[in-house]
Amino acid sequence: EIGALTAPPPMLMASAAEVYGPLVVGVVLTGMGADGTEGLRAIREGGGLTLAESEESCVIYGMPKAAIEAGVVHRAAPLDRLAGEIVAAV
């Protein structure tokens, strides 16, 4: 939180990537728009792992689709497998 405002996801993800580099795991879940794409780009460029919820389990495939199409997602998986992907990475 910055003052009384909450930092938007791209800013939060970019800050984490800058500070923690390859230790960061970024995940984009179901939702509209492309909010997480630039944040995942920063994480991937910083050497971190980027994941997205796959279409098969998304209620709204907008955000994961945008990130996947932008080429910033290492792997996509259904929601029930994402925790396992994270555990395997760390």
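Every heavy atom of this structure was used, including side-chain atoms; hydrogens, water molecules and symmetry mates were not. Residue numbers run from 1 in the order of the sequence given. Quantities reported herein were computed from a predicted structural model and do not represent experimental measurements.
- Thr50 places no side-chain N or O within 3.5 Å of a backbone atom of Leu40 that could act as its donor or acceptor partner.
- Neither Val73 nor Ile60 shares a network with the other; the hydrophobic side chains, linked directly or stepwise wherever heavy atoms of I, L, V, M, F, W or Y lie under 4.5 Å apart, form separate groups for each.
- For residues 78-90, the pairs satisfying salt bridge (charged side-chain N to carboxylate O under 4.0 Å, His left out) are Arg75-Glu85, with sequence neighbours left out.
- Distance OG1/Thr30 to NZ/Lys65: 13.0 Å, rounded to 0.5 Å.
- The other members of the hydrophobic cluster of Leu79, by chain and number, are Val25, Val27, Leu29, Leu49, Leu51, Leu82, Ile86, Val90 (side-chain heavy atoms under 4.5 Å, ILVMFWY only).
- Sorted by first and then second residue, the salt bridge (charged side-chain N to carboxylate O under 4.0 Å, His left out) pairs with a member in residues 36-54 read Glu38-Arg41; sequence neighbours excluded.
- The hydrophobic clustering, which links ILVMFWY residues whose side-chain heavy atoms are closer than 4.5 Å, places Leu23 and Val19 together.
- For the residue pair Val28 and Pro64, the shortest heavy atom distance occurs at CG1-N, 3.8 Å.
- Across Ala34 and Ala66, no two heavy atoms sit closer than the pair CB-CB, 3.7 Å.
- Annotation for Ile43 and Gly26: closest pair CD1-CA, 3.7 Å, computed over non-hydrogen atoms.
- The two residues Ser57 and Pro78 make their nearest non-hydrogen contact at OG-CA, 3.4 Å.
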